[in-house]
Amino acid sequence: MKNAAVSEQLLSGNDSALIDLLKTRIQQGDSASSSRNAALIWRTTHDIIKQDGMKGLWKGTTATLVRNVPGVALYFTSLTHLRSIMANSPYFSLQQTITTKDGIKTVLPKLSSQGNLIAGATARVGVGFLLNPFSVLKARFESELYGYKSLSGSLLSIARMGPSELMRGFVASSLRDAPYSGLFVVIYEAVKRESSNAYATSIHSFSAASAGAIATIATHPFDVIKTKMQVRSEARYRGFVSTVSRTWQQRGVAGFFDGASLRMSRKILSSVIGWAIFEGMLLFLHRP
């Protein structure tokens, strides 16, 4: 399972790093833009190339892999174990076995919608807590506001500022990740149950894409808040409430959806690849 998660992240790692870089650059600013979404993305890309050359588009790739590879592996592993434990509880297990039209069932533990919601949220927030220092590091490597040169030196620099700096943006991350993962697992399992073949890779991919799109747009405002808290050093961005207030005053509702299309494209891509590989590996491991 860990190998499957690592494979997924390595397959999509370069694209993820580029998309995250553009998203961070767009989200970190204060001023509203009159440009359409596509024009803003192209303008941001042009500015990066003009300043740092083509290699600038992959700034922070190493930091992205350092954060996301263990993050994905830990999430899938903890989610599987947690669902297996919860499946033994009458409060969370699915009381009625649901099969597809062809009578084929998935190999994942079956939980009620409430169980899937709790399992997904708990696993994601737990992993987020452990890896939050690397999330801060990743965001700052992607931003041009910091002149970080090496991973180790940058992490030590953040650590010297105290525990609060290492955990910057954790509340916003939790408010983003808990509902995202909970909704994702619930929607993923619901869509899959309605399919005609729960083992088909196409069904896993479609279920993951649907779940990823819905969960991403529902939780995106917290992603914007997290980014601002982690990369902006001004006092007005040090607290969750003050960051929300500042964003609302400057941009209104639109400010909470900066970079939404970029994040959605990345989430759909990584979800499709990740869950297809994950379920495929589970199916292979459970072969008689």
S.K.: Closest approach of Val231 and Ala139, non-hydrogen atoms and distance?
M.R.: CG1-O, 3.6 Å

S.K.: Do Lys267 and Phe184 meet the cation-pi criteria used here (NZ or CZ under 6.0 Å from the six-membered ring centre, within 45° of the axis)?
M.R.: no

S.K.: Applying side-chain contact (heavy atoms from CB on, under 4.5 Å), run through Thr62 and Phe141 and close with a yes or a no.
M.R.: CA-CA 9 Å; Thr62 303; Phe141 253 98; over 6 Å; no

S.K.: Please check: side-chain N/O of Thr122 versus main-chain N/O of Ala119, any donor-acceptor pairing under 3.5 Å?
M.R.: no

S.K.: What distance separates Arg232 CZ from Arg140 CZ, expressed to the nearest 0.5 Å?
M.R.: 12.0 Å

S.K.: Counting distance only, does the side-chain N/O of Ser174 pair as donor-acceptor with the main-chain N or O of Val125 below 3.5 Å?
M.R.: no

S.K.: Are Val185 and Leu117 side-chain neighbours, meaning at least one heavy-atom pair lies under 4.5 Å?
M.R.: no

S.K.: Backbone N or O of Leu57 within a donor-acceptor pair of the Asp52 side chain at under 3.5 Å?
M.R.: no

S.K.: Can you tell me how far the OG1 atom of Thr216 sits from the CG atom of Leu262, to the nearest 0.5 Å?
M.R.: 12.0 Å

S.K.: How many angstroms lie between CG in Asp258 and CD in Gln28, if you round to the nearest 0.5 Å?
M.R.: 11.0 Å

S.K.: Between Lys228 and Gln27 (side chain of the first, backbone of the second, donor and acceptor by atom type, cut-off under 3.5 Å), is there such a pair?
M.R.: yes

S.K.: Could you report the tightest heavy-atom contact between Ala208 and Ser271, atom names first, then the distance?
M.R.: CB-O, 3.4 Å

S.K.: Measure from the side-chain N and O atoms of Ser245 to the backbone N and O of Val241, and report whether any donor-acceptor pair falls under 3.5 Å.
M.R.: no

S.K.: Okay, side chain of Tyr75, backbone of Ala123: is any donor-acceptor separation there less than 3.5 Å?
M.R.: no

S.K.: Between Thr219 and Ala215, is there a donor-acceptor pair closer than 3.5 Å when you use the side chain of the first and the backbone of the second?
M.R.: yes

S.K.: Working to the nearest 0.5 angstrom, can you tell me the gap between Ile225 CD1 and Ser173 OG?
M.R.: 10.5 Å

S.K.: Could you report the tightest heavy-atom contact between Arg67 and Ser135, atom names first, then the distance?
M.R.: NE-OG, 2.8 Å

S.K.: Would you call the rings of Phe170 and Phe129 parallel, tilted or perpendicular, taking 30° and 60° as the class edges?
M.R.: perpendicular

S.K.: Using side-chain heavy atoms (C-beta onward) and a distance below 4.5 Å, is Phe134 in contact with Leu155?
M.R.: yes

S.K.: Restricting to non-hydrogen atoms, name the atom on Ser261 and the atom on Ile41 that form the minimum distance, rounded to 0.1 Å.
M.R.: OG-CD1, 4.0 Å

S.K.: Using the salt bridge (charged side-chain N to carboxylate O under 4.0 Å, His left out) rule, pick out the option among Arg25, Lys138, Lys59 that qualifies with Asp20.
M.R.: Lys138

S.K.: So how far is it from Arg263 CZ to Thr24 OG1, rounded to the nearest 0.5 Å?
M.R.: 11.5 Å

S.K.: Let me see the working for Val272 and Phe206 under side-chain contact (heavy atoms from CB on, under 4.5 Å), right down to the final yes or no.
M.R.: CA-CA 7 Å; Val272 167; Phe206 176 73; over 6 Å; no

S.K.: What verdict does the side-chain contact (heavy atoms from CB on, under 4.5 Å) test give for Glu165 and Arg238, after you've listed the backbone C-alpha separation in whole Å, the side-chain angles of each residue and the deciding distance to 0.1 Å?
M.R.: CA-CA 9 Å; Glu165 198 69 16; Arg238 296 198 67 85; 3.1 Å; yes

S.K.: Looking only at heavy atoms, which two atoms of Ser154 and Leu137 are closest? And how far apart?
M.R.: CB-CD1, 3.4 Å

S.K.: Could you tell me whether the side chain of Leu183 reaches within less than 4.5 Å of the side chain of Ile214, counting heavy atoms only?
M.R.: no

S.K.: Does Arg168 use its side chain to pair, donor to acceptor, with the backbone of Met229 at less than 3.5 Å?
M.R.: yes

S.K.: Is there a side-chain contact between Asn132 and Lys226 (heavy atoms, below 4.5 Å)?
M.R.: no

S.K.: Can you give me the closest heavy-atom contact between Ile19 and Ser265, atom names plus distance?
M.R.: CD1-OG, 3.9 Å

S.K.: Drop me the distance from Phe257's CZ to Asp223's CG, to the nearest 0.5 angstrom.
M.R.: 11.5 Å

